[in-house]
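Read the structure below first, then the notes.
Computed from heavy atoms alone, side chains included, the values below leave out hydrogens, waters and symmetry copies.
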Amino acid sequence: QVQLVESGGGLVQAGGSLRLSCAASGRTFSSYAMAWFRQAPGKEREFVVSISRSGGSTYYADSVKGRFTISRDNAKNTVYLQMNNLKPEDTAVYYCAAGSSYSVSTKTPDYWGQGTQVTVSS
C-alpha cells in the first residue's frame, strides 16, 4: 500500500506556472506507475497525465499537451507536475494517483491522494 500527499497548489494568473508535488510513502515507490487527475467544480474527474515506473514513458491528455510536464524522482519517492501557461479552464482539484501499469493505463489507479486546489484567474 502507498499513501500519497500532494502539495504546491494555489492561485495563479492566466499564463502563469505552478509545480505540484506528490510525496509517496513506502519503499516501493518505483514499482508504481503514477498519474495526475483533476476535477473541476461540477465536472467529473478527468485524466491529466501518467508516467511509467521508470519515468521513461509518459502520456498526456490533449488538453495539457505542450503545457504540462510530469516527472518523477524515485530516490525521493516523489512525482511532479510542472504546469506552464495555465488557463482558467485548468482550475480544478488535482489528484495524484498510483497503481500498477495496467491500472494507471486504464485510468483506474489503485491509490489516490487527497488533492490540491489549483485556481487560475483570468
[atom1] of [X]: more than 12 outside heavy atoms within 6.0 angstrom?
| X | atom1 | answer |
| --- | --- | --- |
| Arg67 | CZ | yes |
| Lys43 | NZ | no |
| Glu46 | CD | yes |

Taking [X] for the side chain and [Y] for the main chain, is one N or O donor matched with an acceptor at less than 3.5 Å?
| X | Y | answer |
| --- | --- | --- |
| Tyr94 | Ser7 | no |
| Ser122 | Pro88 | no |
| Thr119 | Leu11 | no |
| Asn74 | Arg53 | yes |

Taken in chain and number order and not counting sequence neighbours, the residues that satisfy ring pair (Phe, Tyr, Trp, His ring centres under 6.0 Å) with Tyr59 are Phe47
Pairwise side-chain contact, [X] with [Y], heavy-atom cut-off 4.5 Å (strictly under):
| X | Y | result |
| --- | --- | --- |
| Val2 | Tyr32 | yes |
| Cys22 | Thr78 | no |
| Met83 | Asp90 | no |

Which heavy atom of [X] sits nearest a heavy atom of [Y], and at what distance?
| X | Y | answer |
| --- | --- | --- |
| Leu86 | Val12 | CD1-CG1, 3.6 Å |
| Phe37 | Ala35 | CE1-CB, 3.8 Å |
| Ser54 | Arg72 | C-CD, 4.4 Å |
| Pro109 | Val104 | CB-CG2, 4.3 Å |
| Tyr95 | Gln114 | CE2-O, 3.5 Å |
| Leu4 | Ala24 | CD2-CB, 3.7 Å |

Asn84 side chain to Ser17 side chain, donor-acceptor N/O pair below 3.5 angstrom
yes
Report the distance from atom CZ of Arg38 to atom CD of Gln117, rounding to the nearest 0.5 Å.
12.0 Å
How many angstroms lie between CD1 in Ile70 and CD1 in Ile51, if you round to the nearest 0.5 Å?
5.0 Å
ILVMFWY cluster, Trp112 and Val49 together (side-chain gap under 4.5 Å):
no
Centroid-to-centroid, Phe68 to Trp36, below 6.0 Å?
no
Between Met34 and Phe29, is the side chain to side chain contact (heavy atoms under 4.5 Å, CB included) condition met? List the steps.
CA-CA 9 Å; Met34 302 295 296; Phe29 177 71; 3.8 Å; yes
Salt-bridge contact Asp62-Lys65 (side-chain N to carboxylate O under 4.0 Å)
yes
Apply the test side chain to side chain contact (heavy atoms under 4.5 Å, CB included) to residues Asp73 and Tyr80: give CA-CA distance (whole Å), side-chain angles for both, the deciding distance (0.1 Å), then the verdict.
CA-CA 8 Å; Asp73 185 337; Tyr80 305 97; 4.1 Å; yes
Apply side chain to side chain contact (heavy atoms under 4.5 Å, CB included) to the pair Leu81 and Glu6, showing each step before the final yes or no.
CA-CA 10 Å; Leu81 182 63; Glu6 303 97 332; over 6 Å; no
Please report the C-alpha distance between Asp110 and Ser103 in whole Å, then the side-chain angles of each, then the deciding distance to 0.1 Å, and finally whether the side-chain hydrogen bond (donor to acceptor under 3.5 Å, both in side chains) criterion is met.
CA-CA 7 Å; Asp110 302 301; Ser103 71; 3.2 Å; yes
What's the verdict on side chain to side chain contact (heavy atoms under 4.5 Å, CB included) for Thr91 and Val118, showing C-alpha distance, side-chain angles and the deciding distance?
CA-CA 5 Å; Thr91 295; Val118 171; 5.9 Å; no
Looking at residues at least two apart in the chain, or sitting in another chain, which of them share a side-chain hydrogen bond (donor to acceptor under 3.5 Å, both in side chains) with Glu89?
none
